[in-house]
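Letters A, B, ... are given to chains in the order of the sequence lines, protein chains preceding strands, and every chain is numbered from 1.
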Number of protein chains: 2
Amino acid sequence: MDVKTLCLGILAHGDASGYEIKKLFEQKYSHFYEASFGSIYPALARLTEAGLVSFSQQAQSKRPDKKVYRITTAGRIAFLDDLGKMPGRDRIRSDFLATLLFGDLLSPGQVDKMIAIRVAEYHALIDAMAACNTKGLTPGHAFVNGFGLTVYRAMVAYLENNRHALVGQTLLGARDHAAAAKSAQAQPLPRSQPAPEEMQT
Amino acid sequence: MDVKTLCLGILAHGDASGYEIKKLFEQKYSHFYEASFGSIYPALARLTEAGLVSFSQQAQSKRPDKKVYRITTAGRIAFLDDLGKMPGRDRIRSDFLATLLFGDLLSPGQVDKMIAIRVAEYHALIDAMAACNTKGLTPGHAFVNGFGLTVYRAMVAYLENNRHALVGQTLLGARDHAAAAKSAQAQPLPRSQPAPEEMQT
DNA sequence: ACGGACATGTAACACGTTACATGATTAA
DNA sequence: TTAATCATGTAACGTGTTACATGTCCGT
């Protein structure tokens with residue numbers, strides 16, 4: 001599901017301007033989707049071209065006209081058609097976990113700090129989501145919000161319960177690394193070990 | 001952290017070929033990162049150009065030569081330098097949640113089926129991760145693996161505990177939608193309501 | 001006979017980000 | 001005066017995916 005389709009879906013739940021859609025992305029959907037102005041405005045333009053949405057221009061004093069978009073009947077049909085397809089795999093790219101994967105190459109202090117920061121961020125997100133929850137949300141939004149809340153809580157709990165393990169291991173590893181650095185390669189992995197034939201740098 | 005940097009990190013933990021790196025991505029790191037051949041091979045070529053890795057060519061009967069990459073000292077320095085930087089925000093794009101957000105526009109059967117499929121997929125992932133866990137993993141890998149395991153379990157638990165709520169709401173909503181469809185717009189959201197001036201389709 | 005694992009690589013394409021351009025209002 | 005909110009949009013750029021090109025060996 002690309003930005004264009006999600007915008008269409010958002011408009012299926014009510015009229016909105018590009019700016020309002022952006023706020024929705026960052027305030028309510030940020031735990032499973034994100035989109036910048038640079039993708040939202042062109043998306044709305046394409047949808048308009050395709051006749052899937054229309055817009056009304058609202059003049060504002062001293063500001064660019066606000067364009068309030070509304071989904072058309074053709075748009076509703078197209079969206080439902082898209083929704084029916086089985087969703088693809090979730091795309092996740094976590095710099096945080098990718099960094100911790102190499103925790104043994106960092107100082108314990110750095111690892112601990114990174115985790116502390118992340119925990120604080122999750123706490124803030126959880127508070128924000130818990131506050132907005134159980135109001136006048138659509139069933140889908142409530143479900144998805146609850147999902148995010150649950151996941152963030154599980155993440156925080158894991159980090160708080162296991163950070164000592166990683167930080168501790170990192171400490172213990174420090175000496176090993178000093179030793180390993182002398183020998184050409186430290187290889188705890190069962191990967192291509194053999195035959196350095198013609199090394200080309 | 002881009003594919004190039006992660007490849008460098010993987011090589012910091014041991015030598016590997018492009019093909020082996022790809023397997024690592026899909027078998028061990030798939031819960032927080034993914035990369036295709038089309039990004040891995042060019043990444044290794046760029047790293048070689050930059051002198052951050054070298055490779056030894058291993059002739060294989062009736063197969064393209066296997067290139068086993070090894071990180072250089074310059075590569076280790078560059079990688080540690082990168083690791084030290086605070087990780088950016090995680091990028092998540094969930095088609096699944098984006099679809100369920102509009103659960104009220106789907107039939108209860110469709111919603112239920114999507115959730116059932118997802119639950120089954122997570123169960124499979126959990127079994128695979130639980131099996132590979134607690135072996136000869138680096139501290140970082142064990143930590144990251146445990147993180148993924150915990151998160152997937154929380155997701156499954158949430159889906160199993162709350163699917164009935166969404167499916168039920170969807171059922172109840174069916175009648176409302178039939179009614180709402182007659183009036184021009186059903187708008188449960190506090191968004192731009194007013195002034196349809198010059199609607200342009 | 002067919003698909004999957006092994007093995008590397010390229011090129012076209014899609015998609016989205018970042019930064020820029022413009023400009024008023026309001027709160028710290 | 002500095003930053004944030006409101007408001008829309010474009011263009012360059014980066015990054016990664018998909019599909020293609022090539023070919024063997026092995027299991028069923």
Side-chain angles (χ1 to χ4, degrees), chain A residues 1-8 15-27 29-30 32-49 53 55-69 88-95 98 191-192 195 200, chain B residues 1-8 15-27 29-30 32-49 53 55-69 88-95 98 191-192 195 200:
Chain A
M1 176 133 44
D2 55 17
V3 172
K4 210 168 71 177
T5 307
L6 232 203
C7 285
L8 190 57
D15 298 351
S17 67
Y19 192 84
E20 286 168 336
I21 288 174
K22 176 63 162 48
K23 278 197 306 183
L24 244 32
F25 272 115
E26 58 192 26
Q27 287 169 10
Y29 308 146
S30 63
F32 66 90
Y33 214 98
E34 44 192 287
S36 61
F37 283 126
S39 60
I40 291 170
Y41 284 123
L44 291 171
R46 300 305 143 257
L47 289 170
T48 304
E49 280 173 26
V53 305
F55 63 87
S56 68
Q57 207 117 9
Q58 285 174 5
Q60 310 209 119
S61 53
K62 316 282 190 166
R63 232 169 247 180
D65 289 357
K66 186 175 175 175
K67 285 183 176 179
V68 177
Y69 290 88
R89 300 198 328 298
D90 290 356
R91 266 160 237 280
I92 294 162
R93 175 153 295 189
S94 172
D95 264 33
R191 300 212 296 265
S192 312
Q200 316 177 5
Chain B
M1 174 133 44
D2 56 17
V3 172
K4 210 168 73 176
T5 308
L6 233 202
C7 285
L8 191 57
D15 298 352
S17 66
Y19 192 85
E20 286 167 337
I21 289 174
K22 176 61 164 47
K23 279 198 305 184
L24 243 32
F25 272 114
E26 58 191 28
Q27 288 169 8
Y29 308 147
S30 64
F32 67 91
Y33 214 98
E34 45 192 289
S36 60
F37 283 126
S39 60
I40 292 169
Y41 285 123
L44 291 170
R46 299 305 141 257
L47 289 171
T48 305
E49 279 172 26
V53 305
F55 63 88
S56 67
Q57 206 118 12
Q58 285 174 7
Q60 310 209 117
S61 53
K62 315 283 186 165
R63 230 168 250 180
D65 288 357
K66 185 173 175 176
K67 286 182 176 179
V68 176
Y69 289 88
R89 299 195 331 297
D90 290 355
R91 269 166 235 288
I92 295 161
R93 176 152 294 187
S94 172
D95 264 33
R191 299 212 295 265
S192 312
Q200 315 174 5

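Counting non-hydrogen atoms under 4.0 angstrom, A:K23 reaches the backbone sugars and phosphates but no base. Using a 4.0 Å heavy-atom cutoff across all strands shown, B:R93 reaches sugar-phosphate atoms only and no base atom.
Look at CD on A:E20: it is 15 Å from P on D:dT5, rounded to the nearest Å. We find that NZ of B:K22 is positioned 13 Å from C1' of C:dG4, with the value rounded to whole Å. When the C1' atom of D:dC6 is taken as reference, atom CD of A:Q27 falls 13 Å away, rounded to whole Å. One can place CG of B:L24 at 13 Å from P of C:dC6, the figure rounded to the nearest angstrom. In this entry the distance linking CD of B:E26 with C1' of D:dG16 reads 16 Å, nearest Å. Counting to the nearest Å, the P atom of D:dT15 and the CZ atom of A:R91 are 18 Å from each other. Rounded to whole Å, atom P of D:dT22 lies 18 Å from atom CG of B:D65. Following rounding to the nearest Å, B:Y33 (OH) and D:dT15 (P) show an atom-to-atom distance of 10 Å.
Computed from C1' positions of five pairs at each end, the angle between the two local axes of the helix from C:dA1-D:dT28 to C:dA28-D:dT1 equals 50°, rounded to 10 degrees.
Heavy-atom distances to DNA chain C give each of A:V3 and B:G18 a nearest nucleotide, and the one nearer the 5′ end belongs to B:G18.
Ion pairing between a basic and an acidic side chain is recognised when a charged N comes within 4.0 Å of a carboxylate O; A:R46 and A:E49 show such pairing.
Partners of A:S30 under the side chain to side chain contact (heavy atoms under 4.5 Å, CB included) rule, at least two apart in sequence or in another chain, do not exist in this structure. For B:K67, the salt bridge (Lys or Arg N to Asp or Glu O under 4.0 Å) criterion is met by no residue, not counting sequence neighbours. Taking the side-chain hydrogen bond (donor to acceptor under 3.5 Å, both in side chains) definition, one finds that B:T5 meets it with B:D2, sequence neighbours left out. With sequence neighbours excluded, the residues that form a side chain to side chain contact (heavy atoms under 4.5 Å, CB included) with B:Y41 are B:Y19, B:F37. The salt bridge (Lys or Arg N to Asp or Glu O under 4.0 Å) search around A:K4 returns none, not counting sequence neighbours. Partners of A:R91 under the side-chain hydrogen bond (donor to acceptor under 3.5 Å, both in side chains) rule, at least two apart in sequence or in another chain, do not exist in this structure.
Side-chain proximity of B:K66 to the nucleotides D:dG16, C:dA7, D:dA7 is greatest for C:dA7. The nucleotide whose nearest atom lies closest to any side-chain atom of B:Y19 is, among D:dG16, C:dC6, D:dT5, C:dC6.
The shortest distance between the side-chain N/O atoms of B:S36 and the OP1/OP2 oxygens of D:dT17 is below 4.0 Å. Of the side-chain N and O atoms in B:S39, none sit less than 4.0 angstrom from OP1 or OP2 of D:dT15.
Residue B:A43 comes nearest to B:V3 through the heavy atom pair CB-CG1, 4.2 Å, listed as atom of the first residue, atom of the second, then distance.
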Under 3.5 Å, which protein N or O atoms sit close to an N or O of nucleotides 9-14 of chain C? Give each pair with its distance.
residue, atom, partner, partner atom, Å
C:dG9, OP1, B:K67, NZ, 2.3

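Counting only heavy atoms from C-beta outward, the side chains of A:F55 and A:L44 never approach each other to under 4.5 Å.
Note on residues 33-45 of chain B: pairs passing salt bridge (Lys or Arg N to Asp or Glu O under 4.0 Å), not counting sequence neighbours, are A:R89-B:E34.
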